[in-house]
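Structure, as structure tokens:
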Protein chains: 2
Amino acid sequence: MDAILRCCGTDRGRALDEAQATELAELFKALADPARVRLLSIVATSEGGEACACDLVEPLGRAQPTVSHHLSVLVDAGILEREKRGRWAWYRVVPERLASIRASLDATDPAPTA
Amino acid sequence: MDAILRCCGTDRGRALDEAQATELAELFKALADPARVRLLSIVATSEGGEACACDLVEPLGRAQPTVSHHLSVLVDAGILEREKRGRWAWYRVVPERLASIRASLDATDPAPTA
DNA sequence: CTAACGTATTGACCGATGTCGATCTATCGG
DNA sequence: CCGATAGATCGACATCGGTCAATACGTTAG
């Protein structure tokens, strides 16, 4: 998808309908928690752009199932991708996904000389 | 503030701490609802960049107190600003606020040649 | 095969949040 | 003043969502 906050589809200057808004809100929801923001931040700043789940529990200060849960939310939202290597799980950011969120926000810039 | 997902403050390649993540998550939380995404979208696409609350209830398909509530959330988050004119309330987007969210996401781009 | 280990899943608990009807507040028209 | 109107606030309700202990699952080591 490529939902933006205005001028999408056929009609210029058209606001999002409920379905588009729901889709976009889902994306924001995935980022609407401090634990997940930190996870994303840590993964993004990790060497080689990836991080092992085993290295994420301690810095987050939350129980292992909780961290696993948040990682799943980010993966389900398409913001992170998971790769299993042996008994470890490695996570990477999906730049295109974040770019699409940015694009949505671009569309809220001041009216382009109406 | 200007919280970003990496390389902020003194240390390069540093992830967000809990406080910074909480602050950023609050911003995402304000956008993590379809009703609020639509409100932002409608206001952003309105003539002159502003919209009267009286014109927001019907298109949202929610009760007036509900709409008022969501508008307040967006205002509290600094994403919209409210101006009372007579007995009407007008809302405008705060572009700098959305720009700061965009900046946060910029920081998650692929590692800059480590 | 079995034990140990890293993760994911389940179930329960509880606070946060979206929703609406009713009401309160403020402003305008007469 | 008085009634009407726009909007915010309150109270109640139901659902959602973050959290953890316990446990299940899959992989590696011996």
Side-chain angles (χ1 to χ4, degrees), chain A residues 16 18-19 21-43 46 50-92, chain B residues 16-19 21-43 46 50-77 79-92:
Chain A
L16 270 55
E18 188 73 17
T22 299
E23 192 176 3
L24 188 48
E26 287 303 317
L27 226 41
F28 287 125
K29 235 178 266 210
L31 296 172
D33 184 274
R36 292 196 287 272
V37 169
R38 293 196 69 198
L39 284 173
L40 176 58
S41 171
I42 293 173
V43 171
S46 293
E50 59 183 8
C52 174
C54 57
D55 294 325
L56 297 174
V57 173
E58 182 262 333
L60 219 67
R62 278 144 176 114
Q64 177 269 323
T66 302
V67 175
S68 182
H69 163 68
H70 286 303
L71 286 168
S72 290
V73 171
L74 288 169
V75 169
D76 290 346
I79 295 172
L80 289 185
E81 60 183 4
R82 168 170 22 214
E83 186 190 348
K84 203 118 192 251
R85 295 186 207 152
R87 42 181 164 175
W88 292 279
W90 291 82
Y91 291 86
R92 249 187 316 276
Chain B
L16 270 55
D17 64 26
E18 189 73 17
T22 299
E23 193 176 2
L24 187 49
E26 286 304 317
L27 226 41
F28 286 124
K29 234 177 266 210
L31 296 172
D33 184 276
R36 292 195 288 271
V37 169
R38 293 196 69 198
L39 283 174
L40 176 58
S41 171
I42 293 173
V43 171
S46 292
E50 58 182 8
C52 174
C54 58
D55 294 325
L56 297 173
V57 173
E58 182 262 333
L60 219 67
R62 275 140 176 118
Q64 177 269 324
T66 302
V67 175
S68 181
H69 163 67
H70 286 303
L71 286 168
S72 291
V73 171
L74 288 169
V75 169
D76 290 345
I79 295 171
L80 289 186
E81 59 183 5
R82 167 171 22 214
E83 185 191 348
K84 204 122 192 251
R85 293 187 208 152
R87 40 181 166 176
W88 292 280
W90 290 81
Y91 291 87
R92 249 187 316 276

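So that the names make sense, note that chain A is the first sequence line, chain B the second, and so on, each numbered from 1. Below, each value reflects all heavy atoms present in this structure, side chains not excepted, and no hydrogens, waters or symmetry copies.
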Please round to the nearest 0.5 Å and tell me the distance separating atom OG1 of B/Thr22 and atom CG of B/Leu27. 12.5 Å
Rounded to whole Å, please give me the gap between [atom1] in [X] and [atom2] in [N].
{"X": "A/Asp76", "N": "D/dG17", "atom1": "CG", "atom2": "C1'", "value": "14 Å"}
{"X": "A/Arg38", "N": "D/dT19", "atom1": "CZ", "atom2": "C1'", "value": "16 Å"}
{"X": "A/Leu31", "N": "D/dG17", "atom1": "CG", "atom2": "P", "value": "14 Å"}
{"X": "A/Glu83", "N": "C/dG6", "atom1": "CD", "atom2": "C1'", "value": "16 Å"}
{"X": "B/Leu71", "N": "D/dA6", "atom1": "CG", "atom2": "P", "value": "16 Å"}
{"X": "A/Tyr91", "N": "C/dG6", "atom1": "OH", "atom2": "P", "value": "15 Å"}

Would you find a donor on one side and an acceptor on the other, under 3.5 Å apart, between the side chain of A/Arg38 and the backbone of A/Pro59? yes
Give a yes or no on whether the backbone of B/Leu16 and the side-chain of A/Ser41 come within a donor-acceptor separation of less than 3.5 Å. yes
Using a 4.0 Å heavy-atom cut-off, write out nucleotides 18-30 of chain C from 5' to 3' as B (base contacted by protein), S (sugar-phosphate only) or - (no contact). SBBBB----BS--
Side chains of residues 64-74 of chain A: which donor-acceptor partners sit under 3.5 Å, not counting sequence neighbours?
unit_1: A/His70; atom_1: ND1; unit_2: A/Arg36; atom_2: NH1; d: 3.1
unit_1: A/Ser72; atom_1: OG; unit_2: A/Ser68; atom_2: O; d: 3.1

Among D/dG7, C/dA8, D/dA8, the nucleotide that comes nearest once only the side chain of B/Ala53 is considered: D/dG7
Using a cut-off of less than 4.0 Å, is there contact between a side-chain N or O of B/Arg82 and OP1 or OP2 of D/dG7? no
Restricting to non-hydrogen atoms, name the atom on B/Cys52 and the atom on B/Trp88 that form the minimum distance, rounded to 0.1 Å. SG-CD1, 3.6 Å
List for me each residue that meets side-chain hydrogen bond (donor to acceptor under 3.5 Å, both in side chains) alongside B/Arg92, sequence neighbours excluded, and say none if there are none. B/Glu50, B/Glu81, B/Glu83
